[in-house]
Amino acid sequence: MSLCTDRLLAALGPDSVKTAPEDLASYAYDAYSADHMPSAAVIAQDAREIATAVRIAHECGEPIVPRGGGTGLCGGAVPTSGGVVIATNRMRRILALDIPNRRARVQPGLVNFDLSAAVATHGVFYAPDPSSQKASTIGGNVATNAGGPHCLSYGTTTNHILGLEFVDHHGNLTTHTLDDAGYDLTGALVGSEGTLGMVTAVDVRLMRAPEAVRVCVAAFPNVESASEATSAIIAAGIVPIALEIMDKLITSAVEAHYHAGYPADAGAVLIVEIAGMHDDMDRTENDLARIAREHGALAWRAARDRAERDALWAARKGAAGAIGRIAPNYYIQDACVPRTKLPAVMQAIEAIAADAHVTVGNVFHAGDGNLHPLLIYDRRDRKQVEAIVHAGTEILRTCIAMGGTISGEHGIGYEKRETLSLVFSTDDLAAMARVRATFDPRQLFNPDKIFPSGMTCGEVKAQALA
Amino acid sequence: MIAPARVDFDGIACEMRDSARAALGGHEPVYAVAPRTPEALAAVLARCDAAGATCVAIGGDTLQSFGNAPARFDVAIHTDLLAGILAYDPRDLTVSVAAGTTLRAFADRLATERQFVPIDAPHTARGTVGGALAVGWVGPRRAAYGRTRDLLIGSQVALADGTLACSGGMVVKNVSGYDTSKLYVGALGTLAIFASANFKCLPLPQARRAIVAPLQDESRTSALAHLRKLSVEPTVTLALDGFDEADLGRNALFLLFEGSEAVVDRATRETRSALGAAGVASASVLDAPQSAFQRVLDAYVAVRATGSLTVRCTGLPTTVDERRFAARSRARDHGCSAETIVDANTGDLIVRFTRPHDLPEIASALLADLRVEMPSATVIAGTPASREAVNAWPNVPPAFAHMRDLKRQFDPHDILAPSRYVGGL
């Protein structure tokens with residue numbers, strides 16, 4: 001065992017510190033297809049244990065890899081350079097609930113879904129709802145600035161975080177809130193993918209549950225027409241709570257698995273949720289249905305009750321899992337384009353997939369322009385692997401060419417760090433590197449993530465201080 | 001005494017201005033320049049950095065009362081030539097705007113497409129987008145629509161070393177790289193100077209209605225409690241005591257509702273009923289809600305010629321009325337009058353202290369006492385002598401060491417608005 005591991009064990013004990021290979025194997029990967037063994041995993045009981053673990057790892061020069069639910073899709077929690085994984089699974093309490101002021105303080109390991117479930121009886125909810133919400137944690141959501149279907153109207157995680165407690169590279173616990181005088185450190189930490197510090201408590205904003213909610217499903221002949229309808233809805237100045245598209249491949253798989261009532265024979269379905277006051281529901285639905293029909297909708301219907309709404313959403317959020325029925329493996333891309341570019345980008349994706357002889361399914365947050373093409377393959381076939389990697393890169397290049405970006409909500413992580421330089425200039429990245437150099441001068445927090453590999457520790461520092 | 005820095009701006013696309021008109025906190029700069037392009041802005045900063053000349057960006061000069069006077073002030077950088085809408089496809093509900101664009105011009109352009117970005121800053125005819133971002137202005141509608149930083153989806157800034165750096169983009173969901181834009185918002189130009197900003201736009205509500213009612217002390221608590229139970233939440237709930245620049249009467253409740261006609265009608269009915277139950281009988285609907293709201297926003301930073309100091313105290317909505325009471329007590333302790341704006345939605349308390357003739361002499365002690373109970377109290381406006389007598393900022397926040405390190409990384413020679421910000425940043 002290393003000096004670092006010995007010190008961790010001495011300070012925190014074997015209940016919190018795991019070093020056996022069979023224990024560490026669980027912390028070697030996340031939902032991305034890469035795995036690297038850490039030298040130790042700390043399953044922290046509280047913020048003080050995280051602070052101790054960070055201090056020891058930092059003093060020993062070991063990488064520190066924060067980990068929430070391990071559901072990240074771009075390798076953000078993979079200890080690619082080894083080191084110490086610090087997991088928050090045990091820190092899942094709501095520390096304070098302030099309903100009159102609509103806020104809560106929670107531990108980072110609290111599962112997203114459990115937060116909204118716990119506060120629902122008070123007539124409030126936590127808005128960000130990534131599809132992984134039954135397993136992903138608030139801390140992980142903070143790290144990636146997670147989104148979800150309902151972010152169209154409510155905004156992403158960063159719009160719902162009021163403050164953070166975090167451990168810096170020295171192992172010191174500190175806090176920052178949006179009401180503090182001084183720089184918006186909360187804004188910088190959210191979405192920094194564990195590269196600036198480790199979050200140990202989160203102040204979240206809760207929202208008042210709407211008086212009325214309606215979920216509607218429209219059937220379209222193809223993805224292009226559904227995309228055109230989406231662009232037209234946004235262009236008409238209607239911003240529903242959620243506006244999602246699933247193509248035929250995905251809808252069929254979802255319906256076969258969940259039996260939620262989606263029209264499995266449609267070329268694409270558009271899921272629209274509106275919420276607000278009872279007074280607005282009929283008029284807004286009528287406007288939406290009219291625009292949908294003008295763009296080729298074959299059918300339109302509203303869910304009858306809450307049970308049907310929940311079933312539709314459960315099926316939509318389980319789409320990636322349902323793909324397991326039709327393919328051994330899939331590679332999910334994440335990119336975002338201006339909303340008017342949706343029809344063009346969907347055509348381009350179809351052409352890229354055809355050229356690469358790859359089957360692609362589409363399930364995405366259409367209202368935000370946030371795409372999630374699922375490239376289906378068999379990882380045992382090297383040619384198929386090469387084909388999906390090539391197609392994935394081409395899709396990202398296409399999105400960038402259309403004024404978009406390479407990640408809307410999954411993050412850059414390990415997977416896309418080389419692609420980041422397609423979006424940002426060296427000067428842009430150097431400004432970001434200054435932030436990194438401020439918080440983590442030795443580059444020990446989650447190394448190999450976000451920044452292109454060419455920007456090594458020395459180069460980042462040199463650029464930051466140049 | 002440090003000799004004024006000499007800077008050569010030859011070859012940079014900028015206009016030289018009268019430096020005497022750019023004085024700030026008693027300091028008159030040596031130079032005043034107005035860059036014509038973002039590249040020119042960056043070039044100006046590069047020359048200043050090389051010469052060790054300190055810079056302060058000036059937009060519409062409407063919110064320069066934020067922050068302390070700079071420790072040194074060599075170069076005023078006017079941003080008014082960096083103006084205009086840079087990219088706007090209304091169908092995308094996103095817009096890119098140059099930093100020197102006035103808030104009114106920005107709002108007017110968006111309004112032609114029935115869209116808006118709720119920045120809610122005062123003096124929009126002169127105030128600029130970059131200025132509102134630099135001071136981190138937060139308006140009363142943020143509980144409904146989010147803070148300005150929540151609608152900021154990207155930016156281009158000039159850094160002290162003369163580089164131009166972008167973050168974010170023109171899409172509404174973006175987790176590509178650090179969200180550095182947020183660090184520059186509210187940094188008072190001490191980390192970088194905005195060249196342009198990209199925003200997510202919102203559709204203008206179909207209807208907007210302002211309701212005003214007199215609010216006496218005996219019915220105040222009951223009225224605010226009843227309003228919290230409304231099924232249609234007002235986007236603005238303000239209780240003003242004083243601030244007659246708003247032209248709403250001495251003690252006024254100001255409510256703004258936004259939404260569909262049906263919802264706003266329902267809100268009006270429910271509000272009249274709730275206020276009636278609280279003993280407030282005469283709620284009236286204002287004819288021009290937007291201009292009434294703008295008058296209120298302008299009043300936030302209005303000063304009394306005889307001497308005033310205005311502070312913002314943030315806190316929880318449920319404690320805002322208690323804080324108002326405490327602020328008025330501290331004012332009495334120091335022989336001052338206190339006018340207040342209570343924001344029941346956000347928890348903001350605005351207090352304007354007045355005392356004819358000698359406010360500067362007691363301002364520092366008054367503020368020190370106030371900050372015992374309200375540590376967040378931050379000066380946002382005041383007569384020059386009163387502002388110069390106090391530290392505009394509260395005590396440094398817990399994470400100040402990281403802020404100081406950030407300043408060193410972005411501005412190692414301390415040329416950007418030195419000592420303007422909290423803790424001497």
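Residue numbers start from 1 in every chain, and the chains themselves are labelled A, B, ... in the order their sequence lines are given, proteins ahead of strands. As a basis for the values below, the full set of heavy atoms in this structure was taken, side chains included, without hydrogen atoms, waters or symmetry mates. Quantities reported herein were computed from a predicted structural model and do not represent experimental measurements.
At a 4.5 Å heavy-atom cutoff, A/Leu189 makes no contact with chain B through either its backbone or its side chain. Contact annotation for A/Thr144: only backbone heavy atoms (N, CA, C, O) come within less than 4.5 Å of a heavy atom of chain B. For chain A, the nearby parts of B/Thr190 are the backbone and the side chain; heavy atoms of each come within less than 4.5 Å. Contact annotation for A/Ile234: both backbone and side-chain heavy atoms come within less than 4.5 Å of a heavy atom of chain B. Contact annotation for A/Thr438: both backbone and side-chain heavy atoms come within less than 4.5 Å of a heavy atom of chain B. Looking at B/Val232, both its backbone and its side chain come within 4.5 Å of chain A, counting heavy atoms on both sides. Only the side chain of A/Asp98 comes within contact range of chain B, with at least one heavy atom under 4.5 Å from a heavy atom of that chain. The part of A/Glu211 that comes within reach of chain B is its side chain, from C-beta onward, which places non-hydrogen atoms under 4.5 angstrom from that chain. When heavy atoms are compared at a cutoff of 4.5 Å, B/Leu159 approaches chain A solely by way of its side chain, counted from C-beta outward. Heavy atoms closer than 4.5 Å to chain B are found in the side chain of A/Ile450, but not in its backbone. With a threshold of 4.5 angstrom between heavy atoms, A/Val435 approaches chain B through its backbone and through its side chain. Only the side chain of B/Arg266 comes within contact range of chain A, with at least one heavy atom under 4.5 Å from a heavy atom of that chain. Heavy-atom distances place the side chain of B/Arg147, and not its backbone, under 4.5 Å from chain A. Heavy atoms of A/His365 lying under 4.5 Å from chain B belong exclusively to its side chain. In this structure, chain B has a heavy atom under 4.5 Å from the side chain of A/Arg208, while its backbone stays farther away. At a 4.5 Å heavy-atom cutoff, B/Leu151 makes no contact with chain A through either its backbone or its side chain. For a residue to count as touching a neighbouring chain, one of its non-hydrogen atoms must lie under 4.5 Å from one of that chain's; by this rule A/Phe166 touches chain B with the side chain only. Contacts between A/Thr156 and chain B at a heavy-atom distance below 4.5 Å involve the side chain alone, from C-beta outward.
Salt bridge annotation for A/Arg205-B/Asp150: absent, with no cationic side-chain nitrogen under 4.0 angstrom from a carboxylate oxygen. A salt bridge is absent between A/Asp184 and B/Lys182: the closest approach of a Lys/Arg side-chain nitrogen to an acidic carboxylate oxygen does not fall below 4.0 angstrom.
Interface remark: of the candidates A/Asp280, A/Asn145, A/Leu152, A/Asp180, A/Asp280 forms the most heavy-atom pairs closer than 4.5 Å to chain B. For the set B/Leu204, B/Val396, B/Thr314, the entry with the most heavy-atom pairs within less than 4.5 Å of chain A is B/Thr314. By number of non-hydrogen pairs under 4.5 angstrom with chain B, the leading residue of A/Gly408, A/Pro338, A/Ala235 is A/Gly408. Put simply, of B/Thr163, B/Thr318, B/Leu425, the one with the most heavy-atom pairs under 4.5 Å next to chain A is B/Thr318. Note: A/Thr158 leads A/Val190, A/Thr158, A/Ile406, A/Val423 in heavy-atom pairs under 4.5 Å with chain B. Comparing A/Asn172, A/Ile238, A/Thr195 by heavy-atom pairs within less than 4.5 Å of chain B, the highest count is held by A/Thr195. When the candidates B/Val185, B/Val263, B/Asp89, B/Val157 are compared by the number of heavy-atom contacts under 4.5 Å with chain A, B/Val263 comes out ahead. Ranked by non-hydrogen atom pairs under 4.5 Å with chain B, the options A/Glu193, A/Arg417, A/Arg283, A/His176 are led by A/Arg283. Residue with the most contacts toward chain B among A/Ser425, A/Gly191, A/Gly182: A/Gly182 (heavy-atom pairs, distance under 4.5 Å). Note: B/Gly177 leads B/Pro394, B/Gly146, B/Gly169, B/Gly177 in heavy-atom pairs under 4.5 Å with chain A. Contact count versus chain A (heavy atoms, under 4.5 Å) is highest, among B/Asp179, B/Thr180, B/Leu316, B/Val422, for B/Leu316. Note on B/Ser231, B/Gly168, B/Ala187: by heavy-atom pairs under 4.5 Å with chain A, the leading option is B/Ser231.
Residues passing the salt bridge (charged side-chain N to carboxylate O under 4.0 Å, His left out) test with A/Arg102, sequence neighbours excluded: B/Glu233.
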* Going through the distances and angles, do B/Tyr421 and A/Tyr183 end up as a ring-ring contact (aromatic ring centres under 6.0 Å, His included)? -> CA-CA 10 Å; B/Tyr421 206 22; A/Tyr183 304 136; 5.4 Å; yes

* Taking it one step at a time, do B/Arg142 and B/Asp348 satisfy salt bridge (charged side-chain N to carboxylate O under 4.0 Å, His left out)? -> CA-CA 11 Å; B/Arg142 70 178 186 272; B/Asp348 278 0; 2.8 Å; yes

* Check the pair B/Asp265, B/Thr268 against side chain to side chain donor-acceptor pair (under 3.5 Å), reporting the backbone distance first and the verdict last. => CA-CA 5 Å; B/Asp265 283 346; B/Thr268 307; 5.2 Å; no

* Stepwise, does the ring-ring contact (aromatic ring centres under 6.0 Å, His included) test hold for B/Tyr178 with A/Phe424? -> CA-CA 11 Å; B/Tyr178 292 156; A/Phe424 292 114; over 10 Å; no

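Residues B/Ser196 and B/Ser96 bring no donor and acceptor atom of their side chains to less than 3.5 Å of each other. No side-chain donor from either of A/Thr177 and A/Asp179 sits under 3.5 Å from a side-chain acceptor of the other. A donor and an acceptor atom, one from each side chain of A/Asp334 and A/Ser407, are located under 3.5 Å apart. With hydrogens and angles left out, the side-chain atoms of A/Glu165 and A/Thr200 include a donor and acceptor closer than 3.5 Å. Using a 3.5 Å distance cut-off with no hydrogens or angles, the side chains of B/Gln206 and B/Ser260 do not pair a donor with an acceptor. Checked by atom type, the side-chain pair A/His169/A/Asp440 shows no donor-acceptor distance below 3.5 Å. Between the side chains of B/Asn174 and B/Ser176, at least one donor-acceptor pair of N or O atoms lies under 3.5 Å. A donor atom on one side chain and an acceptor atom on the other are not found under 3.5 Å apart for B/Gln115 and B/Lys200.
For the pair B/Arg312 and B/Trp137, the cation-pi criterion (under 6.0 Å, within 45° of the ring axis) is fulfilled.
Using a distance-only test at 3.5 Å, with no hydrogens or angles considered, no donor-acceptor pair links the side chain of B/Asn345 to the main chain of B/Ala144. Side-chain atoms of A/His150 never come within 3.5 Å of backbone atoms of A/Ala242 as a donor-acceptor pair (strictly under, hydrogens ignored). B/Asp411 places a side-chain N or O within 3.5 Å of a backbone atom of B/Leu416 that can act as its donor or acceptor partner.
Using non-hydrogen atoms only and a strict 4.5 Å limit, the part of residues 397-405 of chain B facing chain A consists of B/Pro397, B/Pro398, B/Ala399, B/His402, B/Met403, B/Asp405.
If you take CZ on A/Phe451 and CD on A/Glu418, they are separated by 13.0 Å, rounding to the nearest 0.5 Å. From A/Leu243, atom CG reaches atom OG of A/Ser153 across 11.0 Å, with rounding to the nearest 0.5 Å.
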